[in-house]
Amino acid sequence: LKIRLASDFRMTDSIDLQFFIDHVLTEGNKSVVKAHWQKRALRRNTGGIQISQGKANFVFETGVSPRLLDIQGDSPF
């Protein structure tokens, strides 16, 4: 994930990533955030705009410092 993000930032001038939360499920020390997202990236070399969208479940460990454990479905990263 870190390598893919670094590559995205090298190839783009700007990234606009929007999240829309559809539902949150919490059980014990875990939460699942069901969301859909939309991303627009302005490509550095071509000047073109890449648009993508998807749906994903973001699984978090809750607590004082929430931590992302998994992304199920379409990852925006």
Side-chain angles (χ1 to χ4, degrees):
L1 179 63
K2 287 182 182 181
I3 293 170
R4 195 172 354 161
L5 283 173
S7 175
D8 275 353
F9 281 113
R10 278 194 305 275
M11 295 173 34
T12 59
D13 283 328
S14 67
I15 297 173
D16 177 26
L17 180 58
Q18 298 177 324
F19 291 94
F20 306 92
I21 297 173
D22 299 319
H23 195 75
V24 178
L25 303 169
T26 301
E27 186 173 310
N29 67 341
K30 289 188 181 173
S31 290
V32 177
V33 178
K34 295 177 178 270
H36 62 282
W37 55 267
Q38 188 172 354
K39 178 168 82 171
R40 293 172 50 101
L42 178 60
R43 292 291 174 193
R44 181 168 287 151
N45 294 339
T46 64
I49 296 176
Q50 178 185 8
I51 299 174
S52 54
Q53 59 187 5
K55 294 180 181 181
N57 295 335
F58 298 88
V59 182
F60 290 92
E61 179 179 59
T62 57
V64 176
S65 298
R67 186 171 68 123
L68 181 62
L69 299 175
D70 193 15
I71 300 173
Q72 302 165 344
D74 304 317
S75 176
F77 305 112

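What you are looking at is a predicted structure, and each value in this text was computed from that prediction instead of being measured. FYI, side chains are in, hydrogens and waters are out, and symmetry mates aren't considered; it's all heavy atoms of this structure.
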Donor-acceptor contacts, no H, no angles, side chain residues 24-37, under 3.5 Å, sequence neighbours left out:
from	atom 1	to	atom 2	distance (Å)
Thr26	OG1	Ser31	OG	2.9
His36	ND1	Asp22	OD1	3.0
His36	ND1	Asp22	OD2	3.1
Trp37	NE1	Asp74	O	2.8

Can you list, pair by pair, the side-chain donor-acceptor contacts under 3.5 Å of residues 46-60, counting residues two or more places apart and other chains?
from	atom 1	to	atom 2	distance (Å)
Thr46	OG1	Gly48	N	3.1
Gln50	OE1	Arg43	NE	3.1
Gln50	OE1	Arg43	NH2	2.1

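Listed by first and then second residue, the salt bridge (charged side-chain N to carboxylate O under 4.0 Å, His left out) pairs that reach into residues 62-73 are Glu61-Arg67, sequence neighbours excluded.
In this structure, Arg40 CZ and Ile15 CD1 are separated by 12.5 Å, a value rounded to the nearest 0.5 Å.
Residue Gly63 comes nearest to Pro66 through the heavy atom pair O-CD, 3.7 Å, listed as atom of the first residue, atom of the second, then distance.
For Ile21, the CD1 atom is loosely surrounded, since the number of other residues' heavy atoms within 6.0 Å does not exceed 12.
Hydrophobic clustering (side-chain heavy atoms under 4.5 Å, transitive across Ile, Leu, Val, Met, Phe, Trp, Tyr) groups Phe19 together with Leu68.
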